[in-house]
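Structure, as structure tokens:
These values consider heavy atoms only, across backbone and side chains, with no hydrogens, waters or symmetry-generated copies. Remember, it's a predicted structure, so these values are computed and weren't measured experimentally.
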Amino acid sequence: MHVLILGGTTEARRLAELLHGTPGLRLTSSLAGRVASPRLPPGEVRVGGFGGAEGLAAWLREHTVDALVDATHPFAGTIGFHAARAATAVRVPLLALRRPGWAPVAGDDWHEAGSLEQAAELLPSLGRRVFLTTGRMGLAAFASLDDLWFLVRSVDAPEAAAPARMEVLLDRGPFLLQEERELLLRHRIDVVVTKDSGGSATAPKLTAAREAGVPVIVVRRPPVPDGVRVVAEPEEVVDWIGKRLHLPTFPDAG
């Protein structure tokens, strides 16, 4: 049996660890290749795009894939729709693995935005010194805000259009709460911009912002394609694959 994981997330790596070594199961993880030095999961790994839904469908056929798991980042919206179309075309079962999103708690000053462009429109009314944690790919949305100063944190250095007044901090989570407190204080941050990525690795910035009384612009997630079942934990995918493929033995998901 062959399972393809569309990965690149912590959850995808965890799933690969749970499935790796299962008798009778071939496992392939696919990474988009946008990070220069990704953390590779166990098992077979391919890097790079498929060429849209048609290319992915062709790959599924050529490599006789029996189950497809979309464990990409919650904001990698395009690949989710490509996966749904390809799975339908090839008649391969598809499951989406998405970490739960964040929810505000008492004391949070959150402002929701439907896109990076909407977040950029909100910014001037909320602060002047911005902690921007939306990744390096969407900086063009903020490039025209010449009156604001940005601290941009990303895994790799930005390459496209970006704000003129910007300092880049290259780092990879998980981040500690005390570090986030010190970062906001040291750089005199008065507004934070983030995507609703969910999970615990980068959540401490939200706690630090709440403690400091700093407003946070939260960009909402794109939707999951209609009809695609979504689960929150890698262990749920393990159960789904076991039931779908009737594997004779299965790894301990605990």
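Here the closest non-hydrogen pair linking Ala113 and Ala119 is CB-N, 3.7 Å. Counting all heavy atoms, side chain and backbone alike, Ala141 lies closest to Leu116 at CB-CB, 3.9 Å. Closest approach of Pro41 and Ala16 over heavy atoms only: CB-CB, 3.7 Å. Closest non-hydrogen pair, Val92 versus Leu68, comes out as CG1-N, 3.8 Å. The two residues Leu177 and Glu211 make their nearest non-hydrogen contact at CD2-OE2, 4.2 Å. Closest of all the heavy-atom pairs between Pro234 and Leu18 is CB-CD1, 4.0 Å.
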Under 3.5 Å, which donor-acceptor pairs link side chains of residues 218-226 to any protein atom two or more places apart or in another chain?
from: Arg220; atom 1: NH1; to: Glu112; atom 2: OE1; distance (Å): 3.4
from: Arg221; atom 1: NE; to: Asp196; atom 2: O; distance (Å): 2.7
from: Arg221; atom 1: NH1; to: Arg99; atom 2: O; distance (Å): 2.8
from: Arg221; atom 1: NH2; to: Arg99; atom 2: O; distance (Å): 2.8
from: Arg221; atom 1: NH2; to: Pro100; atom 2: O; distance (Å): 3.4
from: Arg221; atom 1: NH2; to: Ser197; atom 2: O; distance (Å): 3.1

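Ion pair Arg153/Glu180 flagged as a salt bridge, since at least one NZ, NE, NH1 or NH2 atom sits closer than 4.0 Å to an Asp/Glu carboxylate oxygen. Residues Arg98 and Glu11 are not paired through a salt bridge, judged by the lack of any N-O separation under 4.0 Å between the basic side chain and the carboxylate.
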Pair Val152, Arg136 - check side-chain contact (heavy atoms from CB on, under 4.5 Å), show working. CA-CA 8 Å; Val152 175; Arg136 66 188 179 97; 5.9 Å; no
Please evaluate residues Leu19 and Leu25 with respect to the criterion side-chain contact (heavy atoms from CB on, under 4.5 Å), reporting the C-alpha separation (whole Å), side-chain torsions for both, the decisive distance (0.1 Å), and the verdict. CA-CA 8 Å; Leu19 293 175; Leu25 179 65; 4.0 Å; yes
Before giving the answer on side-chain contact (heavy atoms from CB on, under 4.5 Å), spell out for Trp102 and Leu206 the whole-Å C-alpha distance, their side-chain angles and the decisive distance to 0.1 Å. CA-CA 9 Å; Trp102 292 317; Leu206 303 175; 3.5 Å; yes
Could you go through Thr28 and His63, starting from their C-alpha distance and side-chain angles, then the distance that decides it, and tell me whether this counts as side-chain contact (heavy atoms from CB on, under 4.5 Å)? CA-CA 10 Å; Thr28 303; His63 296 270; over 6 Å; no
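Without hydrogens or angle criteria, Thr9 side chain to Ala71 main chain gives a donor-acceptor distance under 3.5 Å. A donor-acceptor pair is defined here as one N or O able to donate and one able to accept, closer than 3.5 Å; such a pair exists between the side chain of Gln118 and the backbone of Gly114. In this structure, the side chain of Arg46 engages the main chain of Gly49 through a donor-acceptor pair within 3.5 Å.
Side-chain contact between Leu145 and Phe150 is present, with at least one heavy-atom pair separated by less than 4.5 Å. Side-chain atoms of Val69 and Val3, non-hydrogen and from C-beta on, do get closer than 4.5 Å to each other. Taking 4.5 Å as the limit, every side-chain heavy atom of Trp59 sits out of range of all side-chain heavy atoms of Ser30.
Residue pairs meeting the side chain to side chain donor-acceptor pair (under 3.5 Å) criterion with at least one member in residues 81-91, sequence neighbours excluded, are Glu54-Arg85.
Taking CD1 of Ile217 as the reference point, atom OG of Ser125 lies at 7.0 Å (rounded to 0.5 Å).
Taking a 6.0 Å sphere around CZ of Arg188, one finds it holds 12 or fewer heavy atoms contributed by other residues, nucleotides or ligands.
Each of Leu184, Leu185, Ile189 was checked for a side chain to side chain contact (heavy atoms under 4.5 Å, CB included) with His187, and the lone residue meeting it is Ile189.
Taking the salt bridge (Lys or Arg N to Asp or Glu O under 4.0 Å) definition, one finds that Asp109 meets it with nothing, sequence neighbours left out.
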